[in-house]
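Chain letters run A, B, ... following the sequence lines, proteins first and then strands; every chain starts at 1.
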Amino acid sequence: MIEMPEASTIARQMNETLTGKIFQHFSRGPLTHKFLWLNKPAEEFDAFVAGRQVTGAKSYGRSIFLYIDETHLNLFAELGGRILYHAQGATLPAKYHLRWDFTDDTSLTYSLQMWGFVGLLSKTDLSAPPFTDTGIPPLSDEFTFERFNQLLEEYPEKKAKGIKGFMVTSKYVFGIGNGYLQDILYRAKIHPARKIPSLSLEERSQLFSSIQGSMAEAIRLNGREDERDLFDYPGGYRRLMSSQTMGNPCPTCGTTIQKLAYLGGACYLCPTCQV
DNA sequence: TCCAATGTAACATG
DNA sequence: GTTACATTGGA
C-alpha cells in the first residue's frame, strides 16, 4: 500500500516530471477491479481533463494531489499498487487499470493492488467532508508531541483497542498504514495491543519520535523496497519487521521475530523487546 | 498457494 | 473485544 513515504516520493516526482504537460485522454485499462473507486464515470474524467494542464503535484499524508489547471485536481487516496510514468516511445505495461495520456506522447498508468480511490475534484471539494476527515500527517508543523498526545486522548476507542487501532485509523495520524507501523512500534518498543491509557509519557514520547524518525528515514530513501516510485524503481527502505524478517533473530535481543494476527493485517514483532 | 491490507460486518465471549 | 471477509496481481 502507498503510505506517506511513497506518496511523498511519487508526488515529488510527478511535480518535477508532469508539470506543464497537457492531458490528451483519460481511459480505463484492460484490467478491471471491483475495489477501484472513481468518483465519476471514466467518460467524465476524460471529457474534463482533455486539453487541461498539469500545474503541479504534492502529497498530503498518504494522498497524492495532481493539480489540473488552477481549479481542480486528481486525487489518489487510500490506494495500493503502482502509478508509473512512461516516457515518449516507452512500452506501456500489459496490465493496468487507469491511464492518462499527455499531448507530448508520454503517459501515466495506475495498476491497482488491493484497492484505491481516484477522484476528480475541485479544490473547494477538498475543504468539505469526507476529504476533511483525515488526521494530521507526521512531519507536518501541526504534528507536535502535544497534539499527538491530545489525539491519543481523543481516540474514542482508546480503552477498547490497542495502539495499533489508533495508529492505522486515518482520522488521527494520517499517512501510516500497517506496513510502516511494524517498524514504528518496534523502534518504540511497544506491543501493538497495548492500550493507550497504559502508555507512560515516556512511551508516548518514544512512539512520537519513532513515527517522526521512521517516516523521515523512509522518505529520505524514497519509500519501501517492496514499493515502486513513479519510474518503477524500488525504494531503499528495508523494513526490520515484516513477513521477510519473520523467523529471523531480533536485531536487538536475538529473540525470534513473530507474526501475530491482530485488528486486520499481520503484526510482526519481537515479543521480548515490545511489551 | 499464499500474501498484501482497510473498513466494516459478523462473530464469540465473559 | 476479535476475527473474517470483500479482492486479485504478484512472489
Side-chain angles (χ1 to χ4, degrees), chain A residues 1-7 10 28-39 60-64 75-84 92-99 109-119 129-135 137 155-186 191-198 214 218 223-229 232-235 237-248 257-269:
Chain A
M1 297 296 287
I2 290 182
E3 298 176 54
M4 192 171 90
E6 290 74 31
I10 293 168
R28 283 180 174 273
L31 296 180
T32 58
H33 197 300
K34 285 189 179 178
F35 288 176
L36 168 61
W37 299 287
L38 300 181
N39 70 332
Y60 181 75
R62 55 203 288 180
S63 296
I64 296 169
L75 168 68
F76 298 87
E78 298 262 324
L79 55 81
R82 290 175 186 179
I83 303 171
L84 298 177
L92 293 187
K95 297 178 176 180
Y96 59 88
H97 297 88
L98 298 178
R99 170 175 166 186
T109 57
Y110 171 44
S111 303
L112 175 152
Q113 280 175 356
M114 303 302 295
W115 43 68
F117 174 84
V118 178
F131 303 105
T132 46
D133 292 340
T134 55
Y155 182 51
E157 297 177 282
K158 64 180 178 181
K159 288 180 181 168
K161 289 187 176 171
I163 186 66
K164 171 174 176 171
F166 169 82
M167 288 295 300
V168 299
T169 301
S170 301
K171 275 182 72 173
Y172 305 97
V173 182
F174 181 49
I176 296 166
N178 196 51
Y180 283 104
L181 178 65
Q182 308 313 314
D183 279 17
I184 287 169
L185 292 177
Y186 172 69
H191 191 282
R194 275 286 295 283
K195 299 292 189 285
I196 290 170
S198 81
S214 301
R224 267 157 56 182
E225 61 172 353
D226 50 1
E227 298 284 350
R228 301 298 178 100
D229 70 6
D232 207 21
Y233 289 112
Y237 183 91
R238 185 173 294 241
R239 283 181 295 167
L240 298 167
M241 295 286 143
S242 73
S243 56
Q244 299 303 305
T245 62
M246 184 181 68
N248 293 353
I257 296 171
Q258 286 184 0
K259 178 178 181 175
L260 167 72
Y262 177 59
L263 295 180
C267 293
Y268 299 93
L269 56 97

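Here A:Gly81 lies out of heavy-atom contact (under 4.0 Å) with every strand. At a threshold of 4.0 angstrom between heavy atoms, the contacts of A:Tyr110 with the nucleic acid are absent. Contacts of A:Gly177 with the nucleic acid, taken as non-hydrogen atoms under 4.0 Å apart, involve only primed sugar atoms and P, OP1 or OP2.
Distances from the side chain of A:Met1 to the nucleotides C:dT7, B:dA4, B:dT6 place B:dT6 closest. Considering only side-chain atoms of A:Ala160, the nucleotide from B:dT6, C:dG1, C:dT2 that sits closest is C:dG1. Among the nucleotides B:dA4, C:dG10, C:dT2, the one closest to any side-chain atom of A:Ser243 is B:dA4. Side-chain proximity of A:Phe35 to the nucleotides C:dT7, B:dC3, B:dG7 is greatest for C:dT7. With distances taken from any side-chain atom of A:Gln113 to the nucleotides C:dG10, B:dG7, B:dC3, the minimum falls on C:dG10. Considering only the side chain of A:Lys259, B:dA4 comes nearest among B:dA4, C:dT2, B:dG7. Looking at the side chain of A:Asn178, the nearest of the listed nucleotides B:dT6, C:dG10, C:dT8 is B:dT6.
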Margin query: For a quick check, with a 4.0 angstrom heavy-atom cut-off, what is the B/S/- contact string for nucleotides 8-14 of chain B, read 5' to 3'?
Written below: -------

Next item on the list: Return one dot-bracket line describing DNA chain B 5' to 3' (Watson-Crick or G-U wobble pairs, both distances under 3.5 Å; ( ) same strand, [ ] crossing, | another strand, . none).
Entry: |||||||||||...

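Remark: the A:Tyr180 side chain and the A:Glu6 side chain contain an N/O donor-acceptor pair separated by less than 3.5 Å.
Residue A:Pro192 is tested with A:Lys164, A:Met167, A:Gln182 for a side-chain contact (heavy atoms from CB on, under 4.5 Å); the sole match is A:Lys164.
Along DNA chain C, the nucleotide nearest to A:Gly265 and the one nearest to A:Leu112 differ in position, and the one closer to the 5' end is contacted by A:Gly265.
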